[in-house]
Enquirer: 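What follows is a structure written as structure tokens; I'll ask about it next.
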Amino acid sequence: MIRGYAESENPFPALGLYAEMHGLGIESDTHTYPFLLKACAKLMAVKEGEMVHGVVVRNGYEELVFVKNTLLHFYSSCGLAENAYKLFELMCERNLVTWNSVINGFSINGRPNEALTLFREMSFEEGVKPDGFTMVSLLTACAELGALALGRRAHVYMAKVGLHDNLHAGNALIDLYAKCGSIWEAYKVFNEMVVRSVVSWTSLIVGLAVNGFGKEALKLFGDLEREGLLPSEITFVGVLYACSHCGMVDEGFGYFKRMREEYGITPKVEHYGCLVDLLGRAGLVQEAHKFIQDMPLQPNAVIWRTLLGACTIHGHLTLGEAVRARLLQLEPKHSGDFVLLSNLYASERRWTDVQKVRRTMLKEGVKKSPGHSLVELQNCVHEFVMGDKAHPQTEQIYKMLEEIMKKLKLEGYVPRTSNVLADIEEEEKENTLSYHSEKIAIAFALINTAPKTPVRIVKNLRVCQDCHIAIKLISKAFDREIVVRDRSRFHHFKGGTCSCNDYW
DNA sequence: GTAGGGTTAG
């Protein structure tokens with residue numbers, strides 16, 4: 001019974017049954033724990049899982065590799081990669097599932113570097129051969145880092161050991177190439193797949209959309225329908241995202257209607273979020289506000305933040321302030337909201353208000369999350385932060401930055417300082433030569449790669465307006481294609497223009 | 001005869 005529930009869509013009753021069993025004085029055996037932990041993992045029931053962990057230890061089943069592996073999986077899927085790793089370190093017997101569980105724990109919890117390190121340890125030091133599961137975690141880690149060369153190597157390896165036909169690994173490859181901005185390689189993987197699932201289609205649709213190929217994403221969705229496949233709610237998130245980033249307002253609402261009526265999918269807050277963005281981006285800010293007020297779900301912070309973003313782009317000061325007040329109630333210390341509000345005031349040239357926002361931030365101890373940019377070079381991922389001086393090539397990098405600035409000024413570039421808050425740390429450091437991390441990363445890449453090679457950067461925050469203008473000019477002045485993945489989407493810079501059409 | 005994987009609005 002417990003097994004049945006644990007493996008079903010609603011594993012909740014499994015926990016109740018266990019409690020009942022416990023109450024009747026029936027002891028669990030080694031067959032029960034894995035299913036219980038599976039249920040806890042699915043439900044993210046941390047407390048219950050930790051309790052089961054305690055029982056496992058008390059009954060002396062801790063050293064059984066099967067049981068321990070489910071514990072690793074439980075902690076990993078509840079966002080507690082560290083707990084999983086601690087257990088892993090103490091294990092005397094490990095098998096492939098053990099390695100996969102702990103690697104995946106790091107990979108899905110935003111610690112891709114640790115996932116890669118463990119993968120190397122597993123395959124090069126311990127000589128354990130990876131399987132499809134391992135490759136999915138590895139590719140996910142590469143995708144997060146934007147490590148294209150490393151991902152390609154994994155792809156080659158998969159072909160060599162016969163894992164290239166694995167459906168899940170194939171899907172992870174599509175996602176990898178899309179998240180590295182190499183959408184044509186994603187297409188290639190998709191086209192060569194022996195078996196595809198709706199996830200394969202969805203991954204490519206989402207990948208096309210975030211890379212700025214909205215029309216192609218919608219075309220692919222059409223192909224999916226012609227094949228008679230059933231799109232999922234995530235497919236529709238991709239479709240609606242494509243519409244909002246291409247300004248296709250009517251089409252977006254058309255798909256939303258079809259999602260509900262033809263496919264019977266109940267829209268979630270993510271779908272409403274896309275539509276708020278769709279209206280807001282298109283300048284229909286009042287309509288977006290009305291849409292939020294009329295939606296049947298409770299709007300969350302992301303919904304209001306989307307509207308605040310639209311107010312900032314289109315200069316709706318009064319509404320923006322009202323939305324900001326709501327966000328203060330929902331998430332008072334979200335640094336991004338302070339930045340948005342400040343940009344809103346800056347766009348209206350209200351400098352006193354900009355200063356006020358800054359002072360509040362300092363007073364409340366709200367720190368802007370530090371931006372960093374990643375560049376991959378010869379299978380190594382280099383990280384740069386604003387004003388970075390830690391890299392061994394610092395001297396060369398800053399010389400290059402000077403050269404870049406000289407060239408850009410000839411092209412008519414004037415540094416844009418209206419995003420005052422974006423430079424808050426810069427001012428604190430009182431360092432006039434403190435460049436944003438993406439500029440440093442680009443200088444580093446220009447030094448270390450052959451002319452005309454594309455430059456790829458992954459940034460954890462959104463690229464600021466000043467850097468966006470500068471990178472457009474760099475792509476022209478240095479004749480380089482520059483691909484920047486920021487927090488929200490891709491920017492493909494080439495010959496002085498960007499694929500986002502300055503709209504992001 | 002009990003364990004693990006892919007896509008999600010700002």
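All figures in this text were calculated on a predicted structure; none of them were measured in a lab.
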Enquirer: Tell me whether the rings of Y177(A) and H155(A) are parallel (<30°), tilted (30 to 60°) or perpendicular (>60°).
Expert: tilted
Enquirer: For a quick check of understanding: with a heavy-atom distance under 4.0 Å over all strands, which category does N95(A) fall into, base, sugar-phosphate or nothing?
Expert: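 Base contact - N95(A) has a heavy atom under 4.0 Å of at least one base atom.
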Enquirer: When we call it a touch if two heavy atoms are under 4.0 Å apart, what does F66(A) touch: a base, just sugar-phosphate, or nothing?
Expert: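 It contacts base atoms.
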Enquirer: With a cut-off of less than 4.0 Å, is there a side-chain N or O of R462(A) near OP1 or OP2 of dG10(B)?
Expert: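 For dG10(B), neither OP1 nor OP2 has a side-chain N or O of R462(A) closer than 4.0 Å.
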Enquirer: Can you measure R489(A) atom CZ to dT8(B) atom C1' for me and round it to whole angstrom units?
Expert: 17 Å
Enquirer: Is there aromatic stacking of F133(A) against dG5(B), centre distance under 5.5 Å, plane angle under 30°?
Expert: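 Yes, F133(A) stacks on the base of dG5(B), since the ring centres sit under 5.5 Å apart and the planes are within 30°.
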Enquirer: Round to a whole Å and report the spacing from CG of D175(A) to P of dT7(B).
Expert: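 Rounding to the nearest Å, CG of D175(A) and P of dT7(B) are 5 Å apart.
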Enquirer: Please classify the nucleic acid contact of S76(A) as base, sugar-phosphate, or nothing, using heavy-atom distances under 4.0 Å.
Expert: nothing
Enquirer: Rounded to the nearest angstrom, tell me the gap between atom CD in E270(A) and atom P in dG10(B).
Expert: 11 Å
Enquirer: Out of dT2(B), dT7(B), dG10(B), which nucleotide sits closest to the side chain of S203(A)?
Expert: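 Side chain of S203(A) sits closest to dT7(B).
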Enquirer: Compare the minimum distances between each of dT2(B), dG5(B), dG10(B) and the side chain of H31(A), then state the nucleotide with the smallest one.
Expert: dT2(B)
Enquirer: Please work out if G309(A) contacts a base, only the sugar-phosphate, or nothing of the nucleic acid, heavy-atom cut-off 4.0 Å.
Expert: nothing
Enquirer: Is any side-chain N of the basic residue among E144(A) and K179(A) closer than 4.0 Å to the acidic one's carboxylate O?
Expert: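 Salt bridge absent between E144(A) and K179(A).
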Enquirer: Which nucleotide in the list dA9(B), dT8(B), dA3(B) gets nearest to the side chain of V302(A)?
Expert: dA9(B)
Enquirer: When you measure from the side chain of H168(A), which nucleotide among dG5(B), dG10(B), dA3(B) comes out closest?
Expert: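 Taking heavy atoms from C-beta onward, the closest nucleotide is dG5(B).
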Enquirer: Could you state the CG-P distance from L139(A) to dG5(B), rounded to the nearest angstrom?
Expert: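 Distance check: L139(A) CG to dG5(B) P gives 15 Å.
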Enquirer: Parallel, tilted or perpendicular: which describes the rings of F291(A) and Y272(A), with under 30° parallel and over 60° perpendicular?
Expert: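 Because their plane-to-plane angle lies in the 30° to 60° range, the rings of F291(A) and Y272(A) count as tilted.
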Enquirer: Using a cut-off of less than 4.0 Å, is there contact between a side-chain N or O of K68(A) and OP1 or OP2 of dA3(B)?
Expert: no
Enquirer: What is the nucleic acid contact for I108(A), judged by heavy atoms within less than 4.0 Å: base, sugar-phosphate only, or nothing?
Expert: sugar-phosphate
Enquirer: Among dG10(B), dG5(B), dT8(B), which nucleotide sits nearest the side chain of K268(A)?
Expert: dT8(B)
Enquirer: Atom CG of L297(A) to atom C1' of dA9(B): distance rounded to whole Å?
Expert: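 About 13 Å, once rounded to whole Å.
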Enquirer: So, do Y187(A) and L208(A) sit near enough that their side-chain heavy atoms are less than 4.5 Å apart?
Expert: yes
Enquirer: What's the CD-P distance between E7(A) and dG5(B), to the nearest Å?
Expert: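 Computing the E7(A):CD to dG5(B):P distance gives 12 Å.
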Enquirer: As a test of reading the structure: which of dT7(B), dA3(B), dG5(B) is closest to the side chain of T202(A), going by heavy atoms?
Expert: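 So the side chain of T202(A) is nearest to dT7(B).
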Enquirer: Counting side-chain heavy atoms from C-beta on, which of dT8(B), dG10(B), dA3(B) comes nearest to I234(A)?
Expert: dT8(B)
Enquirer: So what does S137(A) touch, heavy atoms closer than 4.0 Å: a base, only the sugar-phosphate, or nothing?
Expert: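 The residue S137(A) makes no contact with any strand.
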Enquirer: Checking contacts here: which listed nucleotide (dT8(B), dG10(B), dG5(B)) is nearest the side-chain heavy atoms of V237(A)?
Expert: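 Closest nucleotide to the V237(A) side chain: dT8(B).
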Enquirer: Measuring only between side-chain heavy atoms, which start at C-beta, is F88(A) closer than 4.5 Å to W99(A)?
Expert: yes
Enquirer: Consider only side-chain N and O atoms of N166(A) and D131(A), and report whether a donor and an acceptor are under 3.5 Å apart.
Expert: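 Result is no, nothing qualifies.
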Enquirer: Across the strands shown, which category fits F236(A) at heavy-atom distances under 4.0 angstrom: base, sugar-phosphate, nothing?
Expert: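 The residue F236(A) makes no contact with any strand.
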Enquirer: Of the listed nucleotides (dT8(B), dA9(B), dG5(B)), which one gets closest to any side-chain atom of N300(A)?
Expert: dA9(B)
Enquirer: Atom OH of Y61(A) to atom P of dA3(B): distance rounded to whole Å?
Expert: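 Result: 17 Å.
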Enquirer: With a non-hydrogen cut-off below 4.0 angstrom, is H73(A) in contact with a base, only sugar-phosphate, or nothing?
Expert: sugar-phosphate
Enquirer: Any N or O donor-acceptor pair linking the side chain of N166(A) to the base of dG5(B) at under 3.5 Å?
Expert: yes
Enquirer: Check every atom of dA9(B), dA3(B), dT2(B) against the side chain of V269(A) and return the nucleotide holding the closest atom.
Expert: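 For V269(A), the side-chain atoms sit closest to dA9(B).
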Enquirer: In this structure, how many angstroms lie between the C1' atom of dT8(B) and the CE atom of M259(A), rounded?
Expert: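 For the pair M259(A) CE and dT8(B) C1', the rounded distance is 12 Å.
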Enquirer: Do NZ/NE/NH1/NH2 and the carboxylate oxygens of E331(A) and R305(A) come within less than 4.0 Å?
Expert: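 Answer for the salt bridge query: yes.
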